[in-house]
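So the structure is just underneath, and the comments pick up after that.
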Amino acid sequence: MARRRFEVPIKRNQSFTLNITSMTDMFTILLVFLLQSFAAGEIHIDPVSGLRLPTSTSEKNPVIGIKLAISPTELRFEDKSIAKVNNQNIETAAMDPNDSNFIKPLFDELQKVNEKNEKLAKTGKILLQADQELPFSTVRKVMYTASMAGFPNVKLVTTVGN
Amino acid sequence: MRKRFKMNINHNSEFELDLAPLLAVMVKLVPVLLLSSAFVQMMIIETELPQVVQEAIKQQENNPKATQISLEVNKQQGVKIVIHEGESDKVELVNNKDNKIDLETLHAKLVEVKKQYPEIFKIDLTPEADVSYKDLVSIMDQARKAKGSNLQFKFKDTKTGKESSTDYMFPEIVFSNVMDG
């Protein structure tokens with residue numbers, strides 16, 4: 001008797017069911033966590049690259065003001081870099097030769113705000129992000145220049161911690 | 001002969017739950033929330049205070065003869081608490097511990113000072129040029145509020161004359177040497 005050739009039946013147009021239980025699980029947990037920590041605040045402060053903020057027990061949310069940031073490498077006014085920082089000090093080219101605490105480009109930018117944005121200028125508020133390792137002498141220069149430009153109200157931005 | 005059509009009612013029927021819309025909402029919401037979520041919560045050191053405390057600070061500012069308290073911060077020596085009362089000055093030094101500012105001792109000493117002068121809410125901070133920014137923020141934290149839930153300082157409300165209490169110590173901090181040359 002001749003052997004029957006065993007042919008493997010190949011089913012075409014086969015469909016398969018996708019098990020998405022674990023994906024739904026993951027999405028549910030992620031959604032609940034993100035909804036719980038959703039930050040819907042009016043004021044948005046962008047962290048600056050290379051800048052480590054000090055921690056504080058302060059519980060006050062940020063307010064409207066001009067954003068300044070001093071990182072270990074640069075001084076930023078809003079989103080613009082206005083001066084370099086070398087060895088934890090503002091570069092000499094940006095300082096006034098007659099006043100060792102006066103930062104010229106910062107004063108110029110604040111003067112522009114005084115002229116163009118009266119509402120913001122009236123608040124006199126500055127949100128200052130500074131790297132935690134910077135010496136007070138560098139931070140003082142920014143505060144001094146801001147005071148001279150009519151912005152004496154400096155708010156120090158910190159991260160939450162003990 | 002008509003056959004009677006009998007409806008088959010299956011009382012144990014199962015139904016399939018359509019999760020497609022739910023999944024669609026989740027897939028849209030999760031990226032939006034991920035982009036807007038704040039993993040690093042930023043706060044500011046601000047001085048929004050209860051009204052009675054604000055009034056006390058105003059009173060202190062209007063009276064030049066009022067007692068003034070200042071903190072002189074030196075990186076090597078530590079923190080000097082100076083109380084200017086009339087023509088005399090009382091000085092107390094908080095030495096460094098392990099080459100760092102002894103924050104616990106500083107806080108304890110500030111609590112003692114606050115108990116002696118409960119109506120004073122403003123303090124002058126005079127750091128040396130080489131003191132680091134994070135040390136200053138830590139000192140401000142130690143001076144702002146009393147730690148421990150039971151500690152309250154009683155003082156007289158200048159407007160009503162009634163006695164009030166607060167756990168704030170020195171929330172108004174002024175960098176007194178910013179404008180110096």
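Below, chains carry the letters A, B, ... as their sequence lines are ordered, and counting in each starts from 1.
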Q) Which of parallel (below 30°), tilted (30 to 60°) and perpendicular (above 60°) describes A:Phe102 and A:Phe107? A) tilted

Q | Proximity breakdown for B:Val137 and chain A, heavy-atom pairs closer than 4.5 Å | A | side chain

(Q) Please identify, among B:Lys134, B:Glu128, B:Lys75, the residue contributing the most non-hydrogen atom pairs under 4.5 Å to chain A. (A) B:Lys134

Q: Check each atom of A:Thr28 against the heavy atoms of chain B and say whether the ones under 4.5 Å are side chain, backbone, both or neither.
A: both

**Q.** Part of A:Gln129 within contact of chain B (heavy atom distance under 4.5 Å)
**A.** side chain

Q) Given the rule in the side-chain contact (heavy atoms from CB on, under 4.5 Å) test, do A:Leu128 and A:Val157 qualify, once you have shown the distances and angles that lead to the verdict? A) CA-CA 6 Å; A:Leu128 177 62; A:Val157 178; 5.9 Å; no

**Q.** Side chain B:Asp98, main chain B:Lys100, donor-acceptor under 3.5 Å
**A.** no

Q) Should B:Tyr168 and B:Phe153 be marked as a ring pair (Phe, Tyr, Trp, His ring centres under 6.0 Å) after you check the CA-CA gap, both sets of side-chain angles, and the distance that decides it? A) CA-CA 8 Å; B:Tyr168 278 104; B:Phe153 303 99; over 10 Å; no

